[in-house]
Number of protein chains: 2
Amino acid sequence: MFKILKTSKKSRARLGKLKTLHGVVPTPFFMPIATKASVKTLDSADILNLGAEIILSNTYHLLLRPGMEIMKKAGGLHKFMNWGGPILTDSGGYQIFSLAKQRKITRDGAIFRSHIDGKQFTLTPELALEIQKNIGSDIAMILDVCAPYPATRKVAEEAARLTTAWAVRSKKIKNKNQLMFGIVQGSVYKDLRLQSARELMNLNFDGYAIGGLAVGEPRKDMFKILDYVIPELPAEKPHYLMGVGQPEEIVEAVRRGIDMFDCVLPTRNARHGLIYIWSPRLSLRGGRKPTKQSPEIAALSRQGGIARKDRFYDTLHITNEKFKKDFSPLDKNCSCPTCKNYTRAYLRHLFIAGEPLGLRLATIHNVHFYLELMRKIRKAIRAGKF
Amino acid sequence: MFKILKTSKKSRARLGKLKTLHGVVPTPFFMPIATKASVKTLDSADILNLGAEIILSNTYHLLLRPGMEIMKKAGGLHKFMNWGGPILTDSGGYQIFSLAKQRKITRDGAIFRSHIDGKQFTLTPELALEIQKNIGSDIAMILDVCAPYPATRKVAEEAARLTTAWAVRSKKIKNKNQLMFGIVQGSVYKDLRLQSARELMNLNFDGYAIGGLAVGEPRKDMFKILDYVIPELPAEKPHYLMGVGQPEEIVEAVRRGIDMFDCVLPTRNARHGLIYIWSPRLSLRGGRKPTKQSPEIAALSRQGGIARKDRFYDTLHITNEKFKKDFSPLDKNCSCPTCKNYTRAYLRHLFIAGEPLGLRLATIHNVHFYLELMRKIRKAIRAGKF
């Protein structure tokens, strides 16, 4: 199911491949997000052409719309959205915590109201898996309880406890077509995190996710948690950091032994005109603080043909006045269809004029950037430079 | 420049080819509209893949945004939007009449304020051509005065008189890279229309457009005007019916000797979820009245493998509840990428969920429908069935 091809001598990074019903995916990988059965502005041919090998879709959103009757009649999400590759679905736990109205967590499951029309739903661990079976995803996540940040020890403890109880119930459901992943909770409390990891490990899931991160905690806390949780997880199983993150966070998390990522940043930022570019620049804009350079970022930078600097990428706001007459591509070091065919001045014009094509071309570029980042990371691990 | 390959024995329809700097285009043809340097939701590769051989862009919109300095620096619209095929640009006359604020028409030209930011512009016939030269379009339209509908005889007369005066001035501008078309005005007044046609004909333009139609007049009046204007125009020059129209109007206009069309309907309707389909259905929905069947519509219907009926196409609203579980393509007789890869249920979901991909997939289908209609018309003329 999961095979590790190489383990780094410089860090906990691993190169592997994950086998699913719809194909084998090289790790570490990044999943573009098709929240509502579409990676926003892209069709399934676009996703394939960009080289994405697996995508993520959201159980919560698909449950609300189009709803499970349609999903079943369609023959699952693969057919519905015409995507032949692997799909991972989350369990809905995170969205219930972040989106739903009037949510109530009981021992049995989560009761919540749709953020769209107020309709009430009850989601149990069993139902979350049944829905994911109807969706037909290749990797299902168990229903978990995601504590907010900050959370008191009591709240975090209860979330972790329920997550384990639900994990026990989830493991009783069998589906040979689907891998099933457990989710480690425990907020920022080390003992809770370690206990959660051990409890889930005993249940022998196909893979382990670390949930409840990137919910507002300081970045250094997130890395600290990875530092002590991952060594507790079975090394031979894939490790998934849910909802992360910025490119440098992905690099740092791979170094700590993470194999799988998903994040809305490349797509959402694209729609706001924020573009990722490979860059040798030192200075940072937009209020983000520089990340301390790690050896693997430097290695990655060198590998990308970029002089050794503190950052291996930069961002630009395409609506900026200074791109008005800039007839160069978004990124001269990028081989995506947008950079091969269009200029900064044209994209700026599309954004300023409110042309929907702008969102699409920017999304193509940013998703390509993230997928290329993963290809560079895998290449660096393979070459022993990560 | 324009070569007629075949003239129908059954109608005034002609099959031809129009040579431009960026390629030869078979006539009769339809131009998808790239108002602001983009056929909404489509990139230039999409346009090419759909088989469009020429597109239209709007001088008025490009003048306002991105503006002529950027258009010049970009090296023209072809480079700016990465489209290698022919482009026709209108003169801005129609948009000044329909969109601009505080417009004032003087003997010299049109003074108006931008509908975006209120900035004042003065457009003279000479300037309209200079702008189109900067845009680098293959076919330029002269600046005309488009009378509203209804218009008094006095208003229509003045519009036609000024259009001729500006046509005389326009003809003094030479640009060997661009074809220049005159525009017949005169509203619904036969003598004014004929006089306008004769005055323009004496100036020997590369082609002749019929303007000031599809501005609200009854459809039968439009056809009546075509019936008496087109025989007055030089047969050996291309005839262009601006801003038209519904598929059945295009069929009827080709029958009357029109070679070129443009219209926002396929793209705008797509974004509203209105889809064109090849259909044998008799009934009409949405308040449109049935068109009396002409022999060429019947021929077209037979040619499309559709039983002889009064209408060769139908429309559907993809957001309709009845498509919720309809897993057939938008149109089973269509070979566009949307119909080959996606279902009605999926498109409905995308529209209901507000996913931008829905607009794109619907646009691809509708533009394909219009281009396919023109291919069918040309085939029918070639086969002597039109």
Side-chain angles (χ1 to χ4, degrees), chain A residues 34-49 61-62 64-67 69-75 77 79-84 116 267 271 323-327 329 337-338 340-343 345-361 363-364, chain B residues 34-49 61-62 64-67 69-75 77 79-84 116 267 271 323-327 329 337-338 340-343 345-361 363-364:
Chain A
T35 304
K36 308 176 193 169
S38 155
V39 177
K40 280 200 199 311
T41 78
L42 304 186
D43 65 34
S44 54
D46 294 326
I47 307 169
L48 195 67
N49 291 339
H61 288 95
L62 297 177
L64 269 44
R65 256 185 337 213
E69 193 194 347
I70 292 174
M71 193 49 72
K72 267 166 93 167
K73 285 225 161 91
L77 182 57
K79 282 190 185 169
F80 190 58
M81 67 179 287
N82 190 37
W83 167 252
I116 301 168
T267 42
R271 298 196 303 281
F323 301 124
K324 218 168 164 175
K325 298 170 204 166
D326 185 340
F327 298 104
T338 299
K340 277 195 288 186
N341 296 311
Y342 304 99
T343 63
Y346 183 59
L347 262 88
R348 179 180 187 275
H349 163 71
L350 294 175
F351 268 87
I352 296 289
E355 282 291 323
L357 178 60
L359 311 182
R360 175 175 154 75
L361 295 181
T363 301
I364 286 174
Chain B
T35 304
K36 306 175 195 171
S38 155
V39 177
K40 279 197 201 311
T41 77
L42 304 185
D43 65 34
S44 54
D46 295 324
I47 308 169
L48 195 68
N49 292 339
H61 289 96
L62 297 178
L64 267 46
R65 252 183 343 211
E69 192 194 347
I70 291 173
M71 192 50 70
K72 266 166 94 166
K73 285 224 162 93
L77 182 58
K79 283 192 185 170
F80 190 57
M81 66 179 288
N82 190 35
W83 168 251
I116 301 168
T267 42
R271 298 195 304 279
F323 301 123
K324 218 167 163 175
K325 298 170 206 165
D326 185 341
F327 298 103
T338 300
K340 278 194 288 186
N341 297 312
Y342 304 99
T343 64
Y346 183 59
L347 263 87
R348 181 181 184 276
H349 163 71
L350 295 175
F351 269 88
I352 297 289
E355 281 292 322
L357 178 60
L359 312 182
R360 175 176 153 75
L361 294 181
T363 301
I364 285 173

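Because the structure is predicted, anything quoted here is derived from the model rather than measured. Below, chain A is the first sequence line, B the second, and so on; all start at residue 1.
Each of A:Asp43, A:Thr41, A:Leu42 was scored for a side-chain contact (heavy atoms from CB on, under 4.5 Å) with B:Arg360, with one residue passing: A:Asp43.
Looking at heavy atoms from C-beta onward, A:Arg65 lies in side-chain contact with B:Ile352 at the 4.5 angstrom threshold. No side-chain heavy atom of A:Phe327 sits under 4.5 Å from any side-chain heavy atom of B:Lys79.
The contact between B:Ser44 and chain A is made by backbone and side chain atoms together, counting heavy-atom distances below 4.5 Å. Using a 4.5 Å cut-off between heavy atoms, B:Tyr342 touches chain A through its side chain atoms alone.
Rounding to the nearest 0.5 angstrom, the gap separating the NZ atom in B:Lys40 from the CG atom in A:Leu350 is 9.5 Å. If you take OG1 on B:Thr343 and CD1 on A:Ile70, they are separated by 10.0 Å, rounding to the nearest 0.5 Å. Taking NZ of A:Lys73 as the reference point, atom NZ of B:Lys324 lies at 10.5 Å (rounded to 0.5 Å).
In terms of heavy-atom pairs under 4.5 angstrom with chain B, the leader among A:Ala45, A:Ala74, A:Gly358 is A:Ala74. Taking A:Arg348, A:Met81, A:His61 one by one and counting their heavy-atom pairs under 4.5 Å with chain B, the maximum is reached by A:Met81.
Nearest heavy atoms, A:Ala353 versus B:Lys36: O-NZ, 3.3 Å.
Side-chain polar atoms of A:Ser38 and B:Tyr346 form no donor-acceptor pair below 3.5 angstrom.
Contact check on A:Lys325 versus B:Glu69 returns a salt bridge, with a Lys/Arg side-chain nitrogen under 4.0 Å from an Asp/Glu carboxylate oxygen.
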